[in-house]
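Any value given below was found using the heavy atoms of this structure, including those in side chains, with hydrogens, waters and symmetry copies removed. Just so we're clear, the structure is a prediction, and the values are computed from it rather than from any experiment.
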Amino acid sequence: VQLQASGGGLVQVGDSLRLSCAASEGTSSTYNMGWFRQAPGKGREFVAAITWNGGVSYYEDSVKSRFTISREYTKNTVYLQMNSLKPEDTAVYYCALDHDYCSGYGCTSLAKNYDYWGQGTLVTVSS
């Protein structure tokens, strides 16, 4: 499975962006899809995840009221709508796919539980 992330760019504080992540194959065996990010000089951190079939979503606290994760079956695509962007949201954003059972924030927020990763898309929020 290949994941292609897109939608990043340079925006101003308070702007919005929508990231997309398209899977190259059908996602019948997908359990979760998630977004992680890595800021310069920092480790990769969890942003959001969604169960493919049930649509249950999980968020990191700092983005919970501003970001929305969603998925579209017919396009094998997951989205991350990011509103009210802040400079601290600047990072490379990665999408990931998990084939195995994994439920709850404690599981879906761990990068090691994901089987496939996209190449990343850069989001820069300028003040």
Could you check whether any side-chain heavy atom of Glu60 comes within less than 4.5 Å of a side-chain heavy atom of Phe67, counting everything from C-beta outward? no
Test item: Thr121 side-chain N/O and Gly8 main-chain N/O as donor-acceptor pair under 3.5 Å: yes
Would the distance check show the side chain of Thr51 and the main-chain N or O of Val56 forming a donor-acceptor pair, the cut-off being under 3.5 Å? yes
Dump the intermediate steps for side chain to side chain contact (heavy atoms under 4.5 Å, CB included) on Cys102 and Asn113, then the final yes or no. CA-CA 8 Å; Cys102 180; Asn113 291 332; 4.0 Å; yes
So does Gln2 get a backbone contact from the side chain of Ser24, meaning a donor-acceptor N/O pair under 3.5 Å? yes
Looking only at heavy atoms, what is the nearest atom pair of Gly120 and Val92, with distance? CA-CG1, 3.8 Å
Note, Arg44 side chain near Tyr94 side chain (heavy atom, < 4.5 Å): yes
Can you confirm if the aromatic rings of Phe36 and Trp117 lie within a centre distance of less than 6.0 Å? yes
Heavy-atom distance under 4.5 Å between the side chains of Arg71 and Thr77, does that happen here? no
Could you walk me through whether Met82 and Thr68 pass the side chain to side chain contact (heavy atoms under 4.5 Å, CB included) check? CA-CA 7 Å; Met82 305 186 296; Thr68 302; over 6 Å; no
For residues Ser126 and Leu10, determine if any side-chain heavy atom of one lies less than 4.5 Å from a side-chain heavy atom of the other. yes
Side-chain heavy-atom pair Gln81, Ser70 within 4.5 angstrom cut-off: no
Tyr79-Arg18 side chain donor-acceptor pair, cut-off 3.5 Å: no
Membership question, hydrophobic clusters at under 4.5 Å side-chain separation (ILVMFWY): are Leu17 and Val13 in the same one? yes
Does Ala49 offer a backbone N or O that forms a donor-acceptor pair with the side chain of Tyr59 under 3.5 Å? no
What I'd like to find out is whether the side chain of Tyr58 reaches to under 4.5 Å of the side chain of Ser103, using heavy atoms alone. yes
Assess, by modelled atom type and distance only, whether the side chains of Thr108 and Asn32 contain a donor and an acceptor separated by less than 3.5 Å. no
If you take all heavy atoms of Tyr114 and Met33, which pair is closest and at what distance? CE2-C, 4.2 Å
Parallel, tilted or perpendicular: ring planes of Tyr105 versus Phe46, cut at 30 and 60 degrees: perpendicular
Side chains of Gln38 and Glu45: closer than 4.5 Å at any heavy-atom pair? no
Is there a path from Leu110 to Trp52 through hydrophobic residues (I, L, V, M, F, W, Y) whose side chains come within less than 4.5 Å of each other? no
What are the two closest heavy atoms between Asn53 and Tyr73, and how far apart are they? O-OH, 3.1 Å
Decide whether Tyr116 and Ile50 are clustered together by the hydrophobic rule: side chain heavy atoms of Ile, Leu, Val, Met, Phe, Trp, Tyr closer than 4.5 Å, transitively. yes
Test Val125 against Gln12 for side chain to side chain contact (heavy atoms under 4.5 Å, CB included), laying out the working first. CA-CA 5 Å; Val125 184; Gln12 302 294 316; over 6 Å; no
Any side-chain heavy-atom pair from Leu3 and Val78 closer than 4.5 angstrom? no
What is the distance from atom CG of Leu97 to atom SG of Cys21, rounded to the nearest 0.5 Å? 8.0 Å
Tell me, with the steps shown, if Val47 and Leu80 meet side chain to side chain contact (heavy atoms under 4.5 Å, CB included). CA-CA 9 Å; Val47 177; Leu80 186 68; 4.1 Å; yes
Asp61/Lys64 under salt bridge (Lys or Arg N to Asp or Glu O under 4.0 Å): CA gap, chis, key distance, verdict: CA-CA 5 Å; Asp61 284 346; Lys64 192 173 293 184; 3.1 Å; yes
Closest non-hydrogen contact found for Ser109 with Gly106 is OG-O, 3.8 Å
Surrounding CD of Glu72 (heavy atoms of other residues, nucleotides or ligands, distance under 6.0 Å), is the total greater than 12? yes
Looking at Val1 and Ala23, what are the two nearest heavy atoms and their distance? CG1-CB, 4.3 Å
Nearest heavy-atom neighbours spanning Arg66 and Ser84: NH1-O, 3.0 Å
